[in-house]
Amino acid sequence: MKIVHISAECYPAAKVGGLADVAGALPKYQNQLKHASMVIMPHYYTKFRDENKFKSVFQGMAKLGNTDYSYQIFLLQDKDLGFDLYSIDIPGLFDRENIYSYADDQERFIAFQIAALNWIITFKKLPDVVHCHDQQTGFIPFFMSKVKSYKRLREIPSVYTIHNGEYQGQFLFSKQYLLPDFEPYLNGFIEWDGLINPVATAIKNAWKVTTVSPNYMKEVAYSMAGLENLLQYEKDKSIGILNGIDDEVWNPSTDVMLKRKFSLKSIEAGKNFNKKWLCNEFNLDPSKPLFTFIGRLVKEKGADLLPATIYEVMSKYPGEQNILILGSGDEYVQQALWDLETKFKGNYCSYIGYNETLSHIIYAGADFLLMPSRVEPCGLNQLYALRYGTVPVVRRTGGLTDTVIDIGDQGFGICHNQATVWDIAYSIGRAKEFYDNKKAFKDNRKKMMQIDHSWKRAAKEYIELYKSLK
Ligand code: ADP
């Protein structure tokens, strides 16, 4: 099958979160299954662009409202990602360093979607399926199925994956002129709650809708920032497929980012070496368990609960544990995390920012990974933690419920039900008890490392889904 993925992020070219990891891995595993899977993304002016060679393969003109714009399609040349990576350069819109958070994000991503389809429509052999990811690509299923100028694409199945339903990118109808022309009676296909809503548009118009875990699919029918009824209505074409991980990138025995690589046999020595390096770097105590958090410092991830949890645990049990935070996000959370550093020096540290290499070392060197998420569509961090022998300490929600089983239920992780400081603190207490039971703790590390969450399974599930649309 010829599969085209369209995404705003794709690892390693541009990553903000899990979307990039999925877009950078799923196509590779689909190609390994002998399909022809490629990715189209924006051509951001990032370090990745500067450090790699690209070949221009297409140039075109398109319209965004009343403005004509030029775009150019580049193909990544010198790096073998396991799939063809195409990126669309639109001067004035994507020649910037950051991926999101500009005032004109709507214009940027609508222009991106139009350019992507304007190029696809010129293909001699059209794709067998177009797979769109998250709100920045939400109009594509509508353009393909309802807009006259894309009539040639009408019979191509479109699949839309919700990686995170909280961000919907809604805007006023006064900006409808940005979209290509269509019959006015089709307005209902792009509208939700009086606004143009790209996620609602995708759910209404895609042939299939998927979420990144089965449990999140159940949850969104009751809680997804206002779209619950729509998801209930469209439930027959919706399915949850659990993400995998790229076990070539995330492999502790080959991971060049680690301070020491390790396999199942050398797990204790390997983890200790990485832990010691972290403790040395961040002034922590290597003889005590190391708890970490990696991720966006936003409410959705429960990051706002971290400062009070750190205060509670560190004051009640001084010197008994280390906590290391890696993340960036809401200013008030960042500030609160910084403020605690002098108070609990020697056992607590935070690194505010994004650092891919450090994240790998932390997955390898930590004893426990905290994920107190309020919302977690799939969660990749816990899967990376398992692969690196680190115990996930999670709130039971979304994909965390699908992937982490509590040690009390013959599992390997530590789970709680509520997103509260006391639930997290209680879990930290249970984790410390588990850590002190050396034999069980070591055996559990081996058990976790052997759980297979690779993309092989999920890549097949997506292929089956595409085939069902033929
Ligand atoms: P989300 O996409 O909602 O942020 P996921 O769990 O799906 O959450 O994916 C998060 C990905 O981003 C993981 O690969 C994680 O390691 C990475 N990540 C998040 N924050 C940081 C950071 N500050 N530094 C390095 N990697 C990060």
Side-chain angles (χ1 to χ4, degrees), residues 4-8 40-42 58 60-71 73 88 90 92-94 104-123 126-162 165 167-210 226-227 229-231 233-234 236-238 469:
V4 175
H5 291 273
I6 309 182
S7 170
I40 305 177
M41 67 177 297
F58 188 83
M61 292 296 295
K63 247 187 182 332
L64 182 70
N66 295 323
T67 314
D68 292 312
Y69 64 95
S70 66
Y71 67 93
I73 314 278
I88 305 186
I90 305 178
L93 294 182
F94 287 105
D104 59 352
D105 276 357
Q106 277 134 15
E107 284 82 350
R108 294 170 75 224
F109 288 104
I110 292 170
F112 165 65
Q113 294 174 80
I114 293 172
L117 286 191
N118 284 10
W119 178 48
I120 291 173
I121 210 169
T122 68
F123 288 6
L126 289 175
D128 294 300
V129 62
V130 172
H131 190 155
C132 309
H133 301 266
D134 267 354
Q135 58 104 349
Q136 298 81 9
T137 62
F139 289 119
I140 286 179
F142 172 72
F143 293 167
M144 287 172 64
S145 62
K146 310 274 185 323
V147 170
K148 265 200 189 126
S149 47
Y150 296 117
K151 210 168 150 202
R152 187 170 175 238
L153 307 178
R154 198 150 291 178
E155 300 307 317
I156 303 175
S158 57
V159 174
Y160 179 72
T161 296
I162 304 170
Y167 303 96
Q168 298 176 4
Q170 305 93 323
F171 54 92
L172 295 170
F173 265 88
S174 55
K175 277 196 169 178
Q176 189 185 336
Y177 69 93
L178 293 171
L179 304 177
D181 289 340
F182 55 86
E183 312 287 346
Y185 65 82
L186 293 170
N187 271 1
F189 286 90
I190 60 168
E191 183 266 350
W192 193 256
D193 205 13
L195 297 168
I196 297 180
N197 183 318
V199 176
T201 302
I203 296 169
K204 291 176 183 183
N205 294 282
W207 291 35
K208 278 275 178 194
V209 174
T210 73
L227 296 189
N229 288 356
L230 177 59
L231 282 151
Y233 179 75
E234 296 288 6
D236 291 345
K237 68 171 186 190
S238 306
L469 300 172

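- Pairing each heavy atom of Ser7 with each of Phe112, the nearest pair is O-CZ, 3.9 Å.
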> After noting the C-alpha distance and the side-chain angles of Phe142 and Leu179, does the key distance pass the side-chain contact (heavy atoms from CB on, under 4.5 Å) rule?
Replying inline: CA-CA 11 Å; Phe142 172 72; Leu179 304 177; 5.5 Å; no
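- In this structure, Leu172 and Leu195 have side chains that are in contact, with non-hydrogen atoms separated by less than 4.5 Å.
- The line from OG1 of Thr201 to CZ of Phe143 is 8.5 Å long, rounded to the nearest 0.5 Å.
- Side-chain contact between Glu234 and Val209 is absent, with no heavy-atom pair separated by less than 4.5 Å.
- Relative ring orientation between His133 and His131 is described as parallel, the plane-to-plane angle staying below 30° on a 0-90° scale split at 30° and 60°.
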Derivation of the side-chain contact (heavy atoms from CB on, under 4.5 Å) call for Val129 and Val4:
CA-CA 6 Å; Val129 62; Val4 175; over 6 Å; no
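- Considering every non-hydrogen atom in both Gln170 and Asn197, the closest pair reads CG-ND2, 3.3 Å.
- Between Phe189 and Phe182, the ring centre distance reaches or exceeds 6.0 Å.
- Atoms CG and CD, from Leu178 and Gln106 in turn, are 8.0 Å apart once rounded to the nearest 0.5 Å.
- For the atom pair OG1 of Thr137 and OH of Tyr160, the computed distance is 5.5 Å after rounding to the nearest 0.5 Å.
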Result block: side-chain N/O donor-acceptor pairs under 3.5 angstrom for residues 63-70, not counting sequence neighbours:
| from | atom 1 | to | atom 2 | distance (Å) |
| --- | --- | --- | --- | --- |
| Lys63 | NZ | Asp68 | OD1 | 3.2 |
| Tyr69 | OH | Ala111 | O | 2.7 |

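- Closest approach of Trp192 to Ala200, counting heavy atoms only: CB-CB, 3.6 Å.
- Open room surrounds OH on Tyr233; 12 or fewer heavy atoms of other groups in view lie less than 6.0 Å from it.
- Contact annotation: the side chain of Tyr71 never approaches that of Leu93 to less than 4.5 Å [non-hydrogen atoms, C-beta and beyond].
- Under a cut-off of 6.0 angstrom, the local environment of CG in Asp104 is crowded, with over 12 non-hydrogen atoms contributed by other residues, nucleotides or ligands.
- The closest donor-acceptor contact from the side chain of Gln113 to the backbone of Gln136 lies under 3.5 Å.
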(Q) side-chain contact (heavy atoms from CB on, under 4.5 Å), that's the test. Do Ile40 and Ile73 meet it? Break it down for me. (A) CA-CA 9 Å; Ile40 305 177; Ile73 314 278; 5.7 Å; no
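- Taken from CD1 in Ile110 to CZ in Phe139, the straight-line distance is 5.0 Å, to the nearest 0.5 Å.
- The shortest heavy-atom contact between Asn187 and Gln176 is OD1-NE2, 3.2 Å.
- For Lys148 and Glu183, the salt-bridge test passes: some basic side-chain N is under 4.0 Å from an acidic carboxylate O.
- Of all the heavy atoms in Val147 and Pro180, the pair that sits closest is CG1-CB, 4.1 Å.
- When every heavy atom of Cys132 is checked against every heavy atom of Pro141, the shortest pair comes out as SG-CD, 4.1 Å.
- For the atom pair CD1 of Ile114 and CD1 of Ile90, the computed distance is 8.5 Å after rounding to the nearest 0.5 Å.
- Taken from CD1 in Ile6 to CZ in Phe109, the straight-line distance is 13.0 Å, to the nearest 0.5 Å.
- Annotation: Lys151, atom NZ; neighbour count of heavy atoms from other residues, nucleotides and ligands within 6.0 Å does not exceed 12.
- Judged by distance alone, the side chain of Lys204 and the main-chain N or O of Gly188 form a donor-acceptor pair under 3.5 Å.
- Side-chain contact check for Met144 versus Leu117: some heavy-atom pair is nearer than 4.5 Å.
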